[in-house]
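Nothing here was measured: the structure is a model prediction, and the numbers come from that model. Index from 1, following the sequence.
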Amino acid sequence: MNVLFLKAVALATMIIDHYGAIFHSGENIYRIIGRIAFPVYCFLLVEGYFHTSNVKKYGKRLLLFAFISEIPFDLAFYGNVGFAHQNIFFTLFIGLSAIYFLEKKEQKYNFDKRSLVIAAAGILALVLSVDYSIMGVIYILSFYFTRNFSKKRQLLYMAVIMLFTNLMSSPLQQFSLLALPFIYFYNGEPGLKNKFLQIMFYAAYPLHLLLFYLLNK
């Protein structure tokens with residue numbers, strides 16, 4: 001399974017999740033399938049950091065789509081525009097920023113920079129009330145810290161971390177472990193390289209939310 005395949009899995013399961021949340025809130029099957037999406041996106045974010053030619057452009061792209069997606073996100077899930085809850089692109093941006101600062105080698109201060117970066121990312125996720133909140137940051141940084149482990153060891157650690165982290169959320173979140181088999185078969189290949197297709201994977205997020213809002217009016 002290459003990056004393109006994993007992106008397709010994450011996108012499809014996310015859309016199914018959102019469809020269930022908006023149109024069939026009492027039926028758990030949609031939400032169970034949807035639990036696959038976020039861990040895959042977290043894994044791909046970490047892989048993306050280490051494979052991108054320009055991490056700052058990567059971050060700017062995430063932040064741009066975070067702002068583009070906010071109104072469709074609010075309308076689709078809340079029916080109005082507000083600041084009570086922010087979309088998943090903000091979560092991914094915080095995670096990417098944390099990795100960026102963790103990877104910076106220079107040490108100018110007399111404190112544990114890593115602890116500060118991790119704490120700052122978690123606090124920012126809570127203060128901004130981003131999707132998945134601090135749990136999202138834990139997922140991302142766990143994939144980051146276990147990246148150099150063997151695949152089996154990494155996913156074993158991730159399974160344990162996710163089992164305990166998921167206790168912050170509803171029992172349905174435990175189904176997020178269904179994402180790990182997909183990640184296990186990742187082959188490290190990018191798949192089809194096409195800039196338009198890459199942008200469409202980003203644009204699909206606000207577009208499907210806007211469509212669901214219009215259909216649900």
Side-chain angles (χ1 to χ4, degrees), residues 10 14 35-52 54-70 73-74 77 82-151 153-177 179-180 183 202 205:
M14 178 185 66
R35 296 311 93 207
I36 294 171
F38 185 63
V40 175
Y41 277 125
C42 293
F43 174 78
L44 290 174
L45 181 82
V46 175
E47 288 298 298
Y49 176 89
F50 288 100
H51 289 97
T52 185
N54 191 322
V55 69
K56 291 184 178 179
K57 282 187 178 179
Y58 187 14
K60 288 177 183 178
R61 188 161 60 245
L62 287 175
L63 194 58
L64 173 64
F65 275 94
F67 285 110
I68 290 173
S69 302
E70 191 57 26
F73 175 81
D74 287 343
F77 289 109
F83 299 99
H85 196 72
Q86 320 318 320
N87 70 76
I88 199 67
F89 274 116
F90 284 106
T91 315
L92 297 175
F93 176 76
I94 291 171
L96 185 77
S97 299
I99 294 171
Y100 173 78
F101 286 110
L102 287 169
E103 282 290 302
K104 287 178 74 69
K105 302 302 181 185
E106 63 269 18
Q107 180 60 278
K108 299 179 181 178
Y109 308 103
N110 295 319
F111 49 68
D112 186 346
K113 184 184 74 171
R114 288 197 155 201
S115 297
L116 180 65
V117 169
I118 293 167
I123 292 169
L124 192 59
L126 287 171
V127 170
L128 294 181
S129 190
V130 298
D131 211 7
Y132 281 92
S133 189
I134 193 170
M135 184 172 70
V137 173
I138 293 172
Y139 274 31
I140 293 167
L141 293 183
S142 296
F143 277 116
Y144 165 71
F145 283 116
T146 61
R147 184 175 184 269
N148 292 324
F149 292 3
S150 68
K151 184 60 69 67
R153 188 180 174 207
Q154 180 189 35
L155 295 187
L156 177 61
Y157 272 77
M158 286 305 306
V160 173
I161 291 167
M162 289 166 67
L163 278 169
F164 283 98
T165 305
N166 292 345
L167 296 176
M168 299 182 195
S169 187
S170 72
L172 283 177
Q173 189 57 32
Q174 294 295 3
F175 287 98
S176 63
L177 273 75
L180 297 182
I183 295 169
Y202 284 88
Y205 183 79

Min side-chain heavy-atom separation Glu47-Phe143 under 4.5 Å: no
Side-chain heavy atoms of Met168 within contact of Ile138, under 4.5 Å: yes
I'd like to check Leu180 versus Met162 (side-chain heavy atoms, cut-off strictly below 4.5 Å). Are they in contact? yes
For the side chain of Ser150 and the backbone of Arg153, is there at least one donor-acceptor N/O pair under 3.5 Å apart? yes
Testing the basics here: between Asp74 and His85, what is the closest heavy-atom pair and its distance to 0.1 Å? OD1-O, 3.5 Å
Over all atoms of both residues, closest heavy-atom pair of Ala10 and Ala37: O-CB, 3.4 Å
Is there a donor-acceptor pair closer than 3.5 Å between any side-chain N or O of Lys113 and the backbone N or O of Lys104? yes
For residues Gln174 and Leu163, report the shortest heavy-atom separation together with the two atoms involved. NE2-O, 3.0 Å
More than 12 non-hydrogen atoms from neighbouring residues, nucleotides or ligands closer than 6.0 Å to CZ on Phe50, yes or no? yes
If you round to the nearest 0.5 Å, how far is CZ of Phe90 from OG of Ser69? 8.5 Å
Which value, rounded to the nearest 0.5 Å, describes the distance between Met135 atom CE and Cys42 atom SG? 9.0 Å
Above 12 or not: heavy atoms from other molecules or residues under 6.0 Å from NZ of Lys60? no
Within the structure provided, determine whether Leu116 and Phe101 are in side-chain contact (heavy-atom separation under 4.5 Å). no
For Tyr139, what residues pass the side-chain hydrogen bond (donor to acceptor under 3.5 Å, both in side chains) criterion, not counting sequence neighbours? Asn166, Gln173, Ser176
Grab the two heavy atoms, one from Tyr58 and one from Gly48, that are nearest each other, plus how far apart they are. CE2-C, 3.6 Å
Verify side-chain hydrogen bond (donor to acceptor under 3.5 Å, both in side chains) between Glu103 and Tyr144, making sure each step is shown before the conclusion. CA-CA 10 Å; Glu103 282 290 302; Tyr144 165 71; 2.5 Å; yes
Around atom CZ of Phe175, are there more than 12 heavy atoms from other residues, nucleotides or ligands closer than 6.0 Å? no
If every non-hydrogen atom of Tyr100 is compared with every non-hydrogen atom of Lys56, which pair is closest and at what distance? OH-CE, 3.5 Å
Walk me through whether Leu102 and Phe145 qualify under side chain to side chain contact (heavy atoms under 4.5 Å, CB included). CA-CA 10 Å; Leu102 287 169; Phe145 283 116; 4.0 Å; yes
Distance (rounded to the nearest 0.5 Å) between Ile118 CD1 and Ile123 CD1: 12.0 Å
What are the two closest heavy atoms between Asn87 and Glu70, and how far apart are they? ND2-OE1, 2.7 Å
Side-chain heavy atoms of Ile88 within contact of Phe38, under 4.5 Å: yes
Measuring only between side-chain heavy atoms, which start at C-beta, is Leu45 closer than 4.5 Å to Leu62? yes
Do Asp131 and Gln86 have side chains that approach each other closer than 4.5 Å (heavy atoms only, starting at C-beta)? no
Within the 4.5 Å heavy-atom criterion, are Tyr205 and Met14 side-chain neighbours or not? yes
How many angstroms lie between atom CG of Leu63 and atom CG of Leu92, to the nearest 0.5 angstrom? 11.5 Å
Set out, in order, the CA-CA distance, both residues' side-chain angles and the distance that settles ring pair (Phe, Tyr, Trp, His ring centres under 6.0 Å) for Phe73 and Phe77, then state yes or no. CA-CA 6 Å; Phe73 175 81; Phe77 289 109; 5.3 Å; yes
Rounded to the nearest 0.5 angstrom, the CD1-CG distance for Ile140 and Leu96 is 8.5 Å
Quick check: does any side chain N or O of Ser133 sit under 3.5 Å from a backbone N or O of Ser129, one acting as donor and the other as acceptor? no
Measure the spacing between CZ of Phe65 and CZ of Phe89 and express it to the nearest 0.5 Å. 6.5 Å
